[in-house]
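In this text the structure is predicted, and so the values were computed from the model without any measurement. Per chain, numbering begins at 1; letters A, B, ... match sequence-line order.
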Amino acid sequence: DQQVKQNSPSLSVQEGRISILNCDYTNSMFDYFLWYKKYPAEGPTFLISISSIKDKNEDGRFTVFLNKSAKHLSLHIVPSQPGDSAVYFCAERGSQGNLIFGKGTKLSVKP
Amino acid sequence: NAGVMQNPRHLVRRRGQEARLRCSPMKGHSHVYWYRQLPEEGLKFMVYLQKENIIDESGMPKERFSAEFPKEGPSILRIQQVVRGDSAAYFCASQGQRKETQYFGPGTRLLVL
C-alpha cells in the first residue's frame, strides 16, 4: 500500500503561469518531506523540503505547503519556465533516513 | 565536480548472470542508500549502509541481492542470477550525516535479456 501518493501522473502548464503539484501521505508519524526533480536519464535532484513543524517553506520560485490535518503537501512553482519540465517526486523521510517516494508527476511547461 | 558517481551507466545481462553496480559517494560522505526504480514507478528504498555496516536492508529482496560498503572503495550492489524482473534503474544516494539531504547519482540502467 502506497504511503506517498501523487495522484496526477502528468500536468501541463503555460510558461509564466503557476504549476501546482500535489502529494498525499498516510503516515502522520513522518516529520520531514521533500521534493525532488528528475530529468530523463539522470538521478533525482533535491529541490526543497519542509519539516512537519512548519506549514510553508519558500525558496525562490518554489514554495512547499504542508497541511498536516489533511496529510497533504503541495509544490508551487511561480512563474513556471520551460526548463522546469521534468518529473517531480514527493518523498517522506523514514525512520532510518530512507526516502519513501511517490510515483511522480510529469510536468510539461509549454512556451 | 565531486558528485555521486555510479558505474556502469548501462548494463546488459542475460538471465542467470551476475550484475555488479558501483556507487562512489560524494567526498566526505559515509552514508549510502540504494534505490530501485521500475518502469512507471517511483523510487523504492532497498538498503542503507555506512562504512563497513549494513544499517537497514528492509527493502532488499530476500534472495539474490546483496550490498556492501567497504572501508576502502565504492559501495557495491550485487544481483546474482538476474531475471527479467530485475530490469530497472538503480540509484544510489549519499549523505554526509544522518538526516541531511541525500544527493543522488545518475543511476545504472540494468537490462536483463
Engineer: Would you please test A/F46 and B/F104 for side-chain contact (heavy atoms from CB on, under 4.5 Å) and show each step?
Structural biologist: CA-CA 8 Å; A/F46 170 72; B/F104 282 80; over 6 Å; no
Engineer: I'd like to know which of B/E41, B/Q102, B/M46 tops the heavy-atom pair count under 4.5 Å against chain A.
Structural biologist: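 Heavy-atom pair counts peak at B/Q102.
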Engineer: Taking a hydrophobic cluster as the set of Ile, Leu, Val, Met, Phe, Trp and Tyr residues connected by side-chain heavy atoms closer than 4.5 Å, whether directly or through intermediates, do A/L75 and A/L107 fall within one such cluster?
Structural biologist: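 In one cluster with A/L75: A/L107, yes.
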Engineer: Is B/Q6 in contact with chain A via its backbone, its side chain, both, or neither, using a 4.5 Å heavy-atom distance?
Structural biologist: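 Nothing of B/Q6, per the 4.5 Å heavy-atom cut-off to chain A.
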Engineer: Determine whether the aromatic ring centres of B/F45 and A/F101 lie less than 6.0 Å apart.
Structural biologist: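 So the answer is no for these two rings.
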Engineer: Side-chain heavy atoms under 4.5 angstrom apart, residues restricted to Ile, Leu, Val, Met, Phe, Trp, Tyr: same cluster for B/V82 and B/M60?
Structural biologist: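 Result: yes, single cluster for both.
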Engineer: Let me confirm one number: the CG-NZ distance from B/L43 to A/K103, rounded to the nearest 0.5 Å.
Structural biologist: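 Atom-to-atom, B/L43:CG and A/K103:NZ are 13.0 Å apart.
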Engineer: Measure the CG-OG1 distance between A/L99 and B/T101 for me, rounded to the nearest 0.5 Å.
Structural biologist: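 Atom-to-atom, A/L99:CG and B/T101:OG1 are 9.5 Å apart.
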Engineer: Tell me, yes or no, whether the heavy-atom count around B/Q80 atom CD, taken from other residues, nucleotides or ligands under 6.0 Å, exceeds 12.
Structural biologist: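 It does: B/Q80 CD has more than 12 such atoms within range.
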Engineer: Is B/L21 reachable from B/Y35 through a run of hydrophobic residues whose side-chain heavy atoms are each under 4.5 Å from the next?
Structural biologist: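 Unlinked, B/Y35 and B/L21 end up in two clusters.
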Engineer: Can you tell me how far the CG atom of A/N98 sits from the OH atom of B/Y33, to the nearest 0.5 Å?
Structural biologist: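 Going from CG on A/N98 over to OH on B/Y33, the span is 6.5 Å.
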Engineer: What part of A/Y36 gets within 4.5 angstrom of chain B, counting heavy atoms only: side chain, backbone, both, or neither?
Structural biologist: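 For A/Y36, side-chain heavy atoms alone lie under 4.5 Å from chain B.
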Engineer: Are A/L47 and A/L73 joined in one hydrophobic group, where the rule is that I, L, V, M, F, W and Y side chains link up if heavy atoms are under 4.5 Å apart?
Structural biologist: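 Yes, A/L47 connects to A/L73 through the hydrophobic network.
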Engineer: What is the distance from atom NE2 of B/H31 to atom CD of A/Q96, rounded to the nearest 0.5 Å?
Structural biologist: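 Nearest 0.5 Å value for the NE2-CD distance: 11.0 Å.
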Engineer: Check whether more than 12 heavy atoms from other residues, nucleotides or ligands sit under 6.0 Å from atom CZ of A/R61, and answer yes or no.
Structural biologist: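 For A/R61, atom CZ is crowded (more than 12 foreign heavy atoms under 6.0 Å).
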Engineer: Does the A/E42 side chain pair with the main chain of B/G107, one donor and one acceptor, at a distance under 3.5 Å?
Structural biologist: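 Not a single qualifying donor-acceptor pair exists.
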Engineer: Above 12 or not: heavy atoms from other molecules or residues under 6.0 Å from NZ of A/K106?
Structural biologist: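 No, not enclosed.
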Engineer: Please round to the nearest 0.5 Å and tell me the distance separating atom CD1 of A/I100 and atom NZ of B/K44.
Structural biologist: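 The NZ atom of B/K44 is 10.5 Å from CD1 of A/I100, to the nearest 0.5 Å.
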Engineer: Mind checking the OH-OG1 spacing from B/Y103 to A/T45? Nearest 0.5 Å is all I need.
Structural biologist: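 So the gap between those two atoms works out to 10.5 Å.
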Engineer: Inspect the surroundings of NZ in A/K54 and state if more than 12 heavy atoms from other residues, nucleotides or ligands are less than 6.0 Å away.
Structural biologist: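 It does not: A/K54 NZ has 12 such atoms or fewer within range.
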